[in-house]
Amino acid sequence: MKKLLLFLCVCLPFGLHAATQADSIRELLRRNPLLRGGSSTPYIYTPQRYTPAPEGFAPFRIEHLGRHGSRHHVAPHQIQALHDQLAAADSARLLTAKGRRLLGELKAYLSQMYRRYGDLTPLGSRQHREIARRMYENFPEVLAGEGSVEAISTLIPRSAASMSAFVGQLKECNPRLSIRTEISRAFDPQLRFNLDPTYRSFLYGPVWRAQYDAHAEKHIDPTRFMASLLKKGGDAKIADPRQFMIGLYSLAVSLPNTDFEWSFYDYFTEEEQFTLWRQGNLREYLLKMNSAVGDDLPVIMAKPLVRQMLDSAQAAVDGDAAGAFLRFGHGEDTMPLSIILEIEGKQVREPDPDKIYLAWQDFDGNPMAGNIQWILYRNAAGRVLVKVLFNEREVALPFTSVSGPYYDWQEFERYYRAKIDRMPDLPPLPEVETGY
């Protein structure tokens, strides 16, 4: 079993051996409740002490990819269904006092959320402003004077709002920066490649779902949970108690990303929260990481993104101007990029659903505002080095470095160019109608 990297309460990575992994992860989540949010975990930053660059090298280029920041829950139909099932049980006088409290809280939540699902929250905006500020402070040579910044985003509002917060902070740090932003469907091949029809067939198909459902049936027991909400006979009003439990947990983990004061965690025991985190982690891995059932599809879809990043960086190497290229998208972008770069074992393929949570953890691999940055350095002789930051911390790559986290750019470019060249090309995304 490979070692894996996790966050302590101060977010420092550490290794765990297989014999103690399960207990260690359980203890980690007990001491760090936010991590139970999985891919809904708010971004956690720990102050870094970066390794000095080799003598004579200075940064001149940043290639950046960022997931949108903290957002509201994305599925109104799911929350409405939770409410409606409890309302039906209440009409039949089958709710316990705790069930009636939950119904009231869901009703209040729904009243605040009309057409806000999926929107960036104030916390999400702050996350990107803080990342931008640290980027400016850590690499002033790149972003000084009249430096050039290009920023692109998908059409999804939370990504566009994340971009706006980020570049707005850069402009506050240096009003002389030349910043060009663009939001377009034209970037979908690099930033929304999960729209690919082949992937959509996989997403809505039965292959991964069979493993997911079997895991839920094996590990999630809704008996105590439902009994706390419903009187005898009330189960008949709940279409699928296990899915009801999963749905409410998805709302519980989304709330720390908001300014709302509700918390739904107290409807679950600590053991139930751990089990539900495992279930959500499994879903993320099966659909978006290097899973056996994915058969490389979630990874090879990122080929256009990696090619574009390599091309952009090489163009900067060939030119003279300092600057940054910023991309704002989704976890479906940062996750496969972490696989292709082979960051901290993220490329691991674990076929056993019961062991996936030991091999990969979503709160580490895909938090809100997760980001990957390539920082390029050059010396007077024209040699170029690159280091990679994963969520703003230095990481090792799968080949020999020049010094510490600094790698020769030519070797970096050859290694990853050859890697994506071995991947098959998917058909172009179909064109879309935009008229009304």
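Taking CZ from F225 and CG from L248, the interatomic distance works out to 4.5 Å, rounded to the nearest 0.5 Å. Taking CD of E392 as the start and OG1 of T46 as the end, the distance is 10.0 Å to the nearest 0.5 Å. The distance from atom CG of D240 to atom CE of M245, rounded to the nearest 0.5 Å, is 12.0 Å. Atoms CD1 and CD1, from I156 and I183 in turn, are 11.0 Å apart once rounded to the nearest 0.5 Å. Rounding to the nearest 0.5 Å gives a distance of 8.0 Å between CZ of F412 and CG of L376. Note that the CH2 atom of W374 and the CG atom of L337 stand 6.5 Å from one another [nearest 0.5 Å].
Annotation: Q410, atom CD; neighbour count of heavy atoms from other residues, nucleotides and ligands within 6.0 Å does not exceed 12. Around the CD atom of E137, the shell of radius 6.0 Å holds more than 12 heavy atoms that belong to other residues, nucleotides or ligands. Atom NZ of K171 sits in a crowded spot, with more than 12 heavy atoms from other residues, nucleotides or ligands closer than 6.0 Å.
The closest side-chain heavy-atom distance from E344 to R393 is below 4.5 Å. Within the 4.5 Å cutoff, the side chain of Y43 has heavy atoms near those of the N371 side chain. Taking 4.5 Å as the limit, some side-chain heavy atom of L82 sits within range of a side-chain heavy atom of F244. Inter-residue side-chain proximity for F57 and Y406 is flagged as unmet; no heavy-atom pair is nearer than 4.5 Å. When side chains are defined from C-beta on, L389 does not count as touching Q48, because their heavy atoms never get closer than 4.5 Å. Between Y267 and Y249 the shortest side-chain heavy-atom distance does not fall below 4.5 Å. No side-chain heavy atom of F363 sits less than 4.5 Å from a side-chain heavy atom of L34. For the pair Y117/V74, no side-chain contact is recorded, criterion being any heavy-atom separation below 4.5 Å from C-beta on.
Closest heavy-atom contact between M135 and Q373: CE-OE1, 3.5 Å. When all heavy atoms are compared, the tightest approach of V395 to P405 is O-CB, 4.3 Å. Residues D259 and P122 approach most closely at OD2-CG, 3.3 Å, considering heavy atoms. Between Y416 and P398, the shortest heavy-atom contact is OH-CD, 3.3 Å. Here the shortest heavy-atom pairing between R115 and D119 reads O-OD2, 3.9 Å. Taking each heavy atom of P59 and Y377 in turn, the nearest pair found is N-CD2, 3.3 Å.
Under a 3.5 Å cut-off, the side chain of Q127 and the backbone N or O of I44 do not form any donor-acceptor pair. Side chain of T121 to main chain of N257: a donor-acceptor pair is present (N/O by atom type, distance under 3.5 Å, no hydrogens or angles). Checked by atom type and distance alone, the side chain of H128 pairs as donor or acceptor with a backbone atom of G69 at under 3.5 Å. Using a distance-only test at 3.5 Å, with no hydrogens or angles considered, no donor-acceptor pair links the side chain of S312 to the main chain of M309. Side-chain N or O atoms of N32 include none that pairs as donor or acceptor with a backbone N or O of L35 at under 3.5 Å. Between the side chain of S401 and the backbone N or O of G404, at least one donor-acceptor pair lies under 3.5 Å. Counting only distance, with no hydrogens or angles, the side chain of E63 and the backbone of A313 share a donor-acceptor pair below 3.5 Å. Within the 3.5 Å criterion, the main-chain N or O of V253 finds no donor-acceptor partner in the side chain of R36. Between the side chain of R71 and the backbone N or O of R158, no donor-acceptor pair lies under 3.5 Å. Although no hydrogens or angles enter the test, the distance criterion places a donor-acceptor pair under 3.5 Å between the side chain of S159 and the main chain of G329.
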>> Apply side-chain contact (heavy atoms from CB on, under 4.5 Å) to residues K346 and I340 and explain how you reach the verdict.
In response: CA-CA 9 Å; K346 300 291 188 292; I340 292 173; over 6 Å; no
>> side-chain contact (heavy atoms from CB on, under 4.5 Å), that's the test. Do Y109 and L255 meet it? Break it down for me.
In response: CA-CA 10 Å; Y109 177 83; L255 287 175; 3.8 Å; yes
> Can you check side-chain contact (heavy atoms from CB on, under 4.5 Å) on R278 and F274, steps first, answer last?
Replying inline: CA-CA 6 Å; R278 281 185 61 183; F274 179 72; 3.8 Å; yes
>> Working note: L310 + Q308, criterion side-chain contact (heavy atoms from CB on, under 4.5 Å); need CA distance, chi angles, decisive distance, verdict.
In response: CA-CA 5 Å; L310 290 171; Q308 194 273 337; over 6 Å; no
>> Assess the residue pair W277 and Q361 against the criterion (side chain to side chain donor-acceptor pair (under 3.5 Å)); give the C-alpha distance rounded to whole Å, side-chain angles, the decisive distance to 0.1 Å, and a yes or no.
In response: CA-CA 10 Å; W277 165 74; Q361 299 81 39; over 6 Å; no
> Passes side chain to side chain donor-acceptor pair (under 3.5 Å), T258 versus H72? Steps please.
Replying inline: CA-CA 7 Å; T258 75; H72 288 290; 5.2 Å; no
> Given the rule in the salt bridge (charged side-chain N to carboxylate O under 4.0 Å, His left out) test, do E130 and R126 qualify, once you have shown the distances and angles that lead to the verdict?
Replying inline: CA-CA 6 Å; E130 290 166 2; R126 291 195 299 273; 5.3 Å; no
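We find that R224 and E271 are not joined by a salt bridge, their nearest charged nitrogen and carboxylate oxygen being 4.0 Å or further apart. Of the charged side-chain nitrogens involved, none lies within less than 4.0 Å of a carboxylate oxygen, so that R327 and D333 do not count as a salt-bridged pair. The pair D23-R30 does not count as a salt bridge, with every side-chain nitrogen at least 4.0 angstrom from each carboxylate oxygen. Under the 4.0 Å criterion applied to side-chain N and carboxylate O atoms, E27 and R31 are assigned as salt-bridge partners. A salt bridge is defined here as a Lys NZ or Arg NE, NH1 or NH2 lying under 4.0 Å from an Asp or Glu carboxylate O, and E394 with K387 meets this definition.
Using bins of under 30°, 30° to 60° and over 60° for the plane-to-plane angle, the ring pair H219/H215 lands in the tilted bin.
For F399 and Y407, the distance between ring centers is under 6.0 angstrom.
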I'd like a table of donor-acceptor pairs (distance under 3.5 Å, sequence neighbours excluded) in which one partner is a side-chain atom from residues 280-292, with atom names and distances.
| unit_1 | atom_1 | unit_2 | atom_2 | d |
| --- | --- | --- | --- | --- |
| N281 | OD1 | D362 | N | 2.7 |
| N281 | ND2 | W360 | O | 3.0 |
| E284 | OE1 | S39 | OG | 2.8 |
| E284 | OE1 | K288 | NZ | 3.3 |
| E284 | OE1 | N366 | ND2 | 3.3 |
| E284 | OE2 | K288 | NZ | 2.9 |
| Y285 | OH | N290 | O | 3.4 |
| Y285 | OH | V348 | O | 2.7 |
| Y285 | OH | E350 | N | 2.9 |
| K288 | NZ | E332 | OE2 | 3.3 |
| N290 | OD1 | R349 | NH2 | 2.9 |
| N290 | ND2 | Q347 | O | 2.8 |
| S291 | OG | L286 | O | 2.8 |
| S291 | OG | G294 | N | 3.0 |

